[in-house]
Amino acid sequence: MASELCKTISVARLEKHKNLFLNYRNLHHFPLELLKDEGLQYLERLYMKRNSLTSLPENLAQKLPNLVELYLHSNNIVVVPEAIGSLVKLQCLDLSDNALEIVCPEIGRLRALRHLRLANNQLQFLPPEVGDLKELQTLDISTNRLLTLPERLHMCLSLQYLTVDRNRLWYVPRHLCQLPSLNELSMAGNRLAFLPLDLGRSRELQYVYVDNNIHLKGLPSYLYNKVIGCSGKTTVSFVAYCCSTQCLQTFDLLS
């Protein structure tokens with residue numbers, strides 16, 4: 001297996017491949033062959049899903065400077081090194097299904113990042129520097145241990161899809177109502193008791209998922225013309241129901 005791996009990486013280096021697939025390789029360590037000499041200067045997309053990696057090398061950006069997409073779904077990574085902030089061309093980072101407890105502030109230096117997936121980890125908070133990701137369009141932080149969201153998140157002016165399902169949120173920061181591009185907001189399975197009165201005021205926000213928040217009793221009036229439903233299921237419009245009763249009891253039927 002080791003010789004096969006080295007051959008795969010050597011061929012990618014010699015032929016200047018832009019894509020490299022190292023999924024399902026039972027890797028426990030980041031392959032040294034990837035970091036050998038000058039690294040893989042032409043590589044743009046690295047797929048390392050479903051391995052057993054526990055860490056990333058500090059010289060990752062130095063050896064793979066042109067990475068645009070990095071897929072590390074389903075590993076055992078606990079800490080992302082500060083050096084990841086040097087991957088200045090990175091547009092997509094998938095660290096879902098790992099063992100992350102902390103996201104380093106340097107993630108805010110990924111100014112080209114468009115898609116960030118951190119679902120199914122052990123995060124209790126996100127650094128305020130996430131708000132520096134001006135190009136971010138998708139943020140998935142579902143199934144973590146988040147009690148709140150960073151106040152500066154409203155500075156992600158390009159954010160369209162925000163998924164925070166199955167966390168421990170008690171409230172939604174009012175600043176989120178200022179996100180100008182937000183189209184879909186999913187907060188199912190939290191501990192929400194109320195929503196900001198301005199939520200839904202933006203014309204861009206069309207889909208809101210708040211099922212399985214047992215303490216939530218009402219909707220802000222701006223959401224009455226939106227599509228409210230259950231994440232991961234067929235979207236259902238509750239407009240008429242919400243306008244007449246101003247409550248969310250119907251969600252109990254779909255939980």
Side-chain angles (χ1 to χ4, degrees), residues 18-20 22 27 29-49 51 53-142 144-146 148-164 175 179 181:
K18 292 185 176 181
N19 303 322
L20 181 59
L22 299 179
L27 299 174
H29 304 285
F30 205 87
L32 294 178
E33 191 69 22
L34 276 174
L35 310 174
K36 182 180 178 181
D37 300 325
E38 74 279 4
L40 275 71
Q41 299 291 312
Y42 293 90
L43 194 66
E44 294 182 359
R45 297 172 186 85
L46 177 58
Y47 300 83
M48 301 186 73
K49 297 180 181 180
N51 283 288
L53 300 176
T54 57
S55 63
L56 299 175
E58 291 290 343
N59 60 347
L60 182 63
Q62 178 185 351
K63 299 299 182 178
L64 306 174
N66 290 302
L67 273 187
V68 175
E69 299 177 10
L70 178 57
Y71 298 97
L72 296 163
H73 185 288
S74 299
N75 278 278
N76 297 315
I77 299 172
V78 177
V79 177
V80 179
E82 298 177 1
I84 199 169
S86 298
L87 290 170
V88 295
K89 297 184 179 181
L90 199 64
Q91 296 182 16
C92 182
L93 176 60
D94 188 350
L95 282 161
S96 302
D97 285 291
N98 275 277
L100 291 179
E101 297 180 359
I102 297 176
V103 175
C104 60
E106 285 73 17
I107 200 167
R109 294 164 52 192
L110 300 177
R111 300 305 171 86
L113 197 64
R114 296 182 180 180
H115 307 285
L116 177 59
R117 304 186 186 283
L118 301 170
N120 295 302
N121 279 285
Q122 300 177 37
L123 299 173
Q124 296 188 38
F125 67 92
L126 290 180
E129 288 77 7
V130 170
D132 296 332
L133 303 175
K134 304 302 183 185
E135 301 299 320
L136 192 65
Q137 299 175 11
T138 303
L139 176 59
D140 185 354
I141 43 179
S142 56
N144 276 283
R145 301 175 181 178
L146 298 172
T148 186
L149 298 175
E151 293 289 341
R152 284 169 55 185
L153 190 59
H154 75 281
M155 298 172 63
C156 297
L157 302 182
S158 300
L159 190 61
Q160 299 177 28
Y161 306 100
L162 176 58
T163 305
V164 203
H175 290 313
L179 287 169
S181 303

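If you're wondering where the values come from, they're calculated on a predicted model, not measured in any experiment.
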With Leu90 as reference, evaluate Val68, Asn66, Leu67, Leu64 under the side-chain contact (heavy atoms from CB on, under 4.5 Å) test and give the passing residue.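 Option passing the side-chain contact (heavy atoms from CB on, under 4.5 Å) with Leu90: Leu67.
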Can you spot which of Val103, Leu95, Ile107 makes a side-chain contact (heavy atoms from CB on, under 4.5 Å) with Val80?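 Going through the options one by one, the only one that passes is Leu95.
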Using side-chain heavy atoms (C-beta onward) and a distance below 4.5 Å, is [X] in contact with [Y]?
{"X": "Arg109", "Y": "Ser86", "result": "yes"}
{"X": "Leu133", "Y": "Leu139", "result": "no"}
{"X": "Cys92", "Y": "Tyr71", "result": "yes"}
{"X": "Leu93", "Y": "Leu87", "result": "no"}
{"X": "Val130", "Y": "Leu153", "result": "yes"}

Measure across [X] and [Y] and return the closest heavy-atom pair with its distance rounded to 0.1 Å.
{"X": "Gln41", "Y": "Pro65", "value": "OE1-CG, 3.1 Å"}
{"X": "Ile84", "Y": "Cys104", "value": "CG2-SG, 4.2 Å"}
{"X": "Pro57", "Y": "Pro81", "value": "O-CG, 4.1 Å"}
{"X": "Pro127", "Y": "Pro105", "value": "CB-CA, 4.1 Å"}
{"X": "Leu46", "Y": "Phe30", "value": "CD2-CZ, 4.0 Å"}
{"X": "Ala61", "Y": "Ala83", "value": "CB-O, 4.0 Å"}

Within the side chain of [X], is there an N or O that forms a donor-acceptor pair under 3.5 Å with the backbone of [Y]?
{"X": "Asn76", "Y": "Leu53", "result": "no"}
{"X": "Ser181", "Y": "Leu157", "result": "yes"}
{"X": "Ser158", "Y": "Leu136", "result": "no"}
{"X": "Asn75", "Y": "Met48", "result": "yes"}
{"X": "Asn144", "Y": "Ser142", "result": "yes"}
{"X": "Asn98", "Y": "Leu72", "result": "yes"}

With rounding to the nearest 0.5 Å, note down the distance linking [atom1] in [X] to [atom2] in [Y].
{"X": "Leu123", "Y": "Ile102", "atom1": "CG", "atom2": "CD1", "result": "9.0 Å"}
{"X": "Asp97", "Y": "Lys49", "atom1": "CG", "atom2": "NZ", "result": "10.5 Å"}
{"X": "Glu106", "Y": "Glu129", "atom1": "CD", "atom2": "CD", "result": "7.5 Å"}
{"X": "Glu44", "Y": "Asn19", "atom1": "CD", "atom2": "CG", "result": "7.5 Å"}
{"X": "Glu82", "Y": "Glu58", "atom1": "CD", "atom2": "CD", "result": "7.0 Å"}
{"X": "Leu56", "Y": "Leu70", "atom1": "CG", "atom2": "CG", "result": "7.0 Å"}

Expected list for residues 110-118: side-chain donor-acceptor pairs under 3.5 angstrom, two or more places apart:
residue, atom, partner, partner atom, Å
Arg111, NE, Gly108, O, 2.8
His115, ND1, Thr138, OG1, 3.1

Under 6.0 Å from the NZ atom of Lys18, do we count more than 12 heavy atoms belonging to anything else shown? no
Counterpart residues, side-chain hydrogen bond (donor to acceptor under 3.5 Å, both in side chains), relative to Tyr161 (two or more places apart):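 Once residues adjacent in sequence are excluded, Tyr161 has no partner under the side-chain hydrogen bond (donor to acceptor under 3.5 Å, both in side chains) criterion.
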